[in-house]
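One structure is given here, and the rest of the page talks about it.
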Protein chains: 2
Amino acid sequence: MVTLKDIANLCNVSVATVSRALNGQSDVNSNTAKRIRRLAQEMGYYPNAAARALKTNRSYNIGILYEDEIHHEYFSLLIDRIRTTAEQKGYDITFLSKSKQTAYYEHAKYRGLDGVIILQATFESPEVMQLAGSDLPCVAIDYQYTCCPCVISDHHSSIDQLVRHAYERGYRKIAFVHGQPGYITDQRVNGFYKTCCSLGLNVPEGYVQAAFYHEPQSNAEATKRLLALPDPPSCILYPDDYSCLGAFTQLEKAGLSIPDDIGIIGYDGIMLSTVIRPRLTTYKQDVQKKGEMAVVLLISQIEAPGVRPKDECVVVSGQLVPGGTLRPLPT
Amino acid sequence: MVTLKDIANLCNVSVATVSRALNGQSDVNSNTAKRIRRLAQEMGYYPNAAARALKTNRSYNIGILYEDEIHHEYFSLLIDRIRTTAEQKGYDITFLSKSKQTAYYEHAKYRGLDGVIILQATFESPEVMQLAGSDLPCVAIDYQYTCCPCVISDHHSSIDQLVRHAYERGYRKIAFVHGQPGYITDQRVNGFYKTCCSLGLNVPEGYVQAAFYHEPQSNAEATKRLLALPDPPSCILYPDDYSCLGAFTQLEKAGLSIPDDIGIIGYDGIMLSTVIRPRLTTYKQDVQKKGEMAVVLLISQIEAPGVRPKDECVVVSGQLVPGGTLRPLPT
DNA sequence: AAAAGAACTGTAAACGTTTGCAAGTCCATG
DNA sequence: CATGGACTTGCAAACGTTTACAGTTCTTTT
């Protein structure tokens, strides 16, 4: 391994000078600097992250908290985006885990992480709250803490748009199947009721059904329950695109045709929604932006602590993607 | 931050003793050790990974090389499994990237990674080969280097099983759509020809078509080309489950019904294959095992260098999953 | 009772950086 | 020609560990 010392010896300068030259400090003669940099290059020098971190208390490494083992394309995309954005800014990504012995916070401290993005977790659990409320810079995605900034989707408005979209296309009996309770679900359910109300739509008992995210089976069952109602809906919103697969099979079994007998609406706008037939009407989240914003928010906290308010909340809007699972606009 | 020194002061012992006690070394009085450990616990001590890595040259951190931005459930699952297995063994996972400035190898060295799992990459590119051939412990997944161990699926035998499975169900005109060229594809195509040959099946010109992995569109086009042949196939194997979605729409457009007019076969056995109707006949890879083996192979290299041969190759078998996209066995 | 070993603990160097401080050289200013 | 500043460089300490070596005490062996 080539160290600063080796370069210093060959250049007949001190380690300090080499360090300064390689870090682009201005207070070193430009010729010397050039010579040092050239030699470093030739010798195949690269710094030692551990030594640097030890000395500076900065690791240029950020953690991702991701608890579940659900394999949602949305999360893959998000992680990927976070990774590439972070890399561009000179940071690496390490997964943050909670082993039996160490809590998240300790683990992050142990690794010397500069900050953590809380991507997917039981947000209200003690370990996660400890982390979010700690001195470590954090950013939450799709959950709102008072103690750290967050990036959230426009859950409220997106549902509003979807419901109105269905309404314009003549659907009046609109039902909503939601995922497991939590911040996101609450937002969406609220949005649903509010919009129905403002459109003068009645939401009969049983029109709001519980299922799980990313699980066609439970959504198929919710669909079954909806169809068994005395006055079944003519349009159903689902928690995500993938879950619509359960709806498709269930509706087919019931002999209902999409979109004439019943309209269905997904959420997320993952690739799947564009390749199934009919193409799914859905709401495409701007995953790219969410990932980028999370990184930006985190790094700005890391590099300029105190500049941003702890409760800053960036709302990232998505876009309604019309598909073939709703009737076209009446002419 | 609590350091060894702090504990040493409070316990009236030297830093060395504290270090030994906390590392469970035997040569420290058990009472002293107990006292030290208790106090360390109370004070909320956790070691400093950077300092430790600097001194020992071990980071307990392994890298994952993952170039593409394709979001395949298979890769999510694999990464997840690698992560959990590694964590169990006390290692963390960091993504390895290649920025403009540093190659993979340098990046890995810079971060002091103990080893790297090459998950998805342009295996033959100079940067990746440099890494694989270096002093750094590496394990490749689904590619065979001579310079580092690997974990691969039974691509050859799986295709054999699938073709025979179709054959038994009366299909005789079997075609194969494959993904982009490379190690995996080569293995599978070889397997296909070999099995057809041994079954006495003719493989007419055009029965082997090129498409891309995880891309319904190109697979739809390949399907179209197959159907336009003078003697079109009665059964088609696709590169993966997801790509079959393209086949479904294309076949529907052509007015062919599955599985009576035409049989189709996927690959991977991701969740999708179980929720589409008809349920897909496919080959389920043992992702769990692949992930685990990769970690095991890597860690054994890290912890006992030279014990395993550099060209060790673990083949992980999957399992054929019969579905409804092939006719049942003739009675 | 002396010698030898076992058990325990401390000293100090080392890992590769960064950085505050001081010192040196050189040039322009007065 | 003395003074002061700009520019460049080196010295040395520090970051938090681990570990070889040596020293001390205590027990066992002869």
Side-chain angles (χ1 to χ4, degrees), chain A residues 1-37 39-40 43-61 90 102 106-114 303, chain B residues 1-37 39-40 43-61 90 102 106-114 303:
Chain A
M1 183 187 204
V2 186
T3 71
L4 291 185
K5 212 175 178 180
D6 302 330
I7 305 178
N9 288 340
L10 259 103
C11 282
N12 279 322
V13 292
S14 72
V15 206
T17 305
V18 179
S19 172
R20 283 191 269 252
L22 295 179
N23 285 323
Q25 241 118 331
S26 60
D27 57 351
V28 44
N29 182 284
S30 63
N31 283 325
T32 325
K34 228 174 278 175
R35 194 158 50 91
I36 291 175
R37 275 197 285 267
L39 208 67
M43 298 172 72
Y45 170 81
Y46 39 82
N48 180 315
R52 184 174 278 180
L54 178 61
K55 187 64 190 149
T56 61
N57 263 317
R58 295 271 277 104
S59 64
Y60 287 91
N61 207 178
T102 49
E106 285 189 17
H107 188 179
K109 281 296 202 177
Y110 164 64
R111 280 285 173 207
L113 300 179
D114 291 337
E303 300 187 347
Chain B
M1 182 187 205
V2 185
T3 71
L4 290 186
K5 211 173 177 182
D6 302 328
I7 304 178
N9 287 340
L10 258 103
C11 281
N12 280 321
V13 292
S14 73
V15 207
T17 305
V18 180
S19 172
R20 281 190 274 252
L22 294 179
N23 285 324
Q25 241 119 330
S26 61
D27 57 351
V28 44
N29 182 286
S30 62
N31 283 325
T32 324
K34 227 173 282 174
R35 195 159 48 93
I36 291 174
R37 274 197 287 266
L39 208 67
M43 299 174 70
Y45 170 83
Y46 40 83
N48 180 314
R52 184 175 277 179
L54 177 61
K55 186 64 190 152
T56 62
N57 261 318
R58 295 272 275 102
S59 64
Y60 287 92
N61 207 177
T102 49
E106 285 188 17
H107 188 180
K109 280 296 200 179
Y110 164 65
R111 280 284 173 208
L113 300 178
D114 291 337
E303 300 186 347

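In what follows, chains are A, B, ... by sequence order, proteins preceding strands, each numbered from 1.
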- Which residues satisfy the salt bridge (Lys or Arg N to Asp or Glu O under 4.0 Å) test with B:Lys55, sequence neighbours excluded? none
- Message: Could you go through B:Leu4 and B:Tyr45, starting from their C-alpha distance and side-chain angles, then the distance that decides it, and tell me whether this counts as side-chain contact (heavy atoms from CB on, under 4.5 Å)?
- Response: CA-CA 8 Å; B:Leu4 290 186; B:Tyr45 170 83; 3.4 Å; yes
- Item | Closest contact, heavy atoms only, B:Val2 versus B:Gly44 | CG2-O, 4.3 Å
- How does protein contact run along nucleotides 15-23 of chain C, one letter per nucleotide 5' to 3', with B for base contact, S for sugar-phosphate only, - for none, heavy atoms under 4.0 Å? BBBBBB---
- Message: The criterion is ring-ring contact (aromatic ring centres under 6.0 Å, His included); which residues satisfy it with B:Tyr46, sequence neighbours excluded?
- Response: none
- Please tell me if the side chains of B:Arg111 and B:Ser59 come closer than 4.5 Å, counting only heavy atoms from C-beta onward. no
Side-chain polar contacts of residues 16-25 of chain A - donor-acceptor pairs under 3.5 angstrom, sequence neighbours left out - could you list them?
residue: A:Thr17; atom: OG1; partner: A:Ser14; partner atom: OG; Å: 3.2
residue: A:Asn23; atom: ND2; partner: A:Ser19; partner atom: O; Å: 3.2

- Item | Residues forming a side-chain contact (heavy atoms from CB on, under 4.5 Å) with B:Asn57, sequence neighbours excluded | none
- Going from CG on B:Leu10 to CG on B:Asn12, what distance comes out if it is rounded to the nearest 0.5 angstrom? 8.0 Å
- Query: Do you know which two heavy atoms are closest between B:Pro47 and A:Tyr110, and how far apart they sit?
  - Reply: O-CD1, 3.1 Å
- Note on the structure: Rounded to whole Å, CG of B:Asn29 lies from C1' of C:dG10 at a distance of 15 Å
- Please give, in whole Å, the distance from D:dG10 P to A:Asp27 CG? 12 Å
- Message: Report for the helix from C:dA1-D:dT30 to C:dG30-D:dC1: angle between first-end and last-end helix axes, five pairs each, rounded to 10 degrees.
- Response: 50°
- Sorted by chain and residue number, the side-chain contact (heavy atoms from CB on, under 4.5 Å) partners of B:Arg58 (sequence neighbours excluded) come out as B:Thr56, B:Tyr60, B:Tyr91, B:Asp114, B:Ile302, B:Glu303
- A:Asn9 atom CG is separated from D:dG10 atom P, nearest whole Å, by 12 Å
- May I ask you to say what A:Asp6 touches in the nucleic acid, namely base, sugar-phosphate or nothing, with a heavy-atom cut-off under 4.0 Å? nothing
Protein-nucleic acid N or O pairs under 3.5 Å, nucleotides 24-27 of chain C:
none

- Item | Whole-Å distance separating the OH atom of A:Tyr110 from the P atom of D:dT17 | 10 Å
- Message: Mind checking if A:Asn12 touches a base, just sugar-phosphate, or nothing, with heavy atoms under 4.0 Å?
- Response: sugar-phosphate
- Message: Testing the basics here: between A:Asp6 and A:Met1, what is the closest heavy-atom pair and its distance to 0.1 Å?
- Response: OD2-O, 3.5 Å
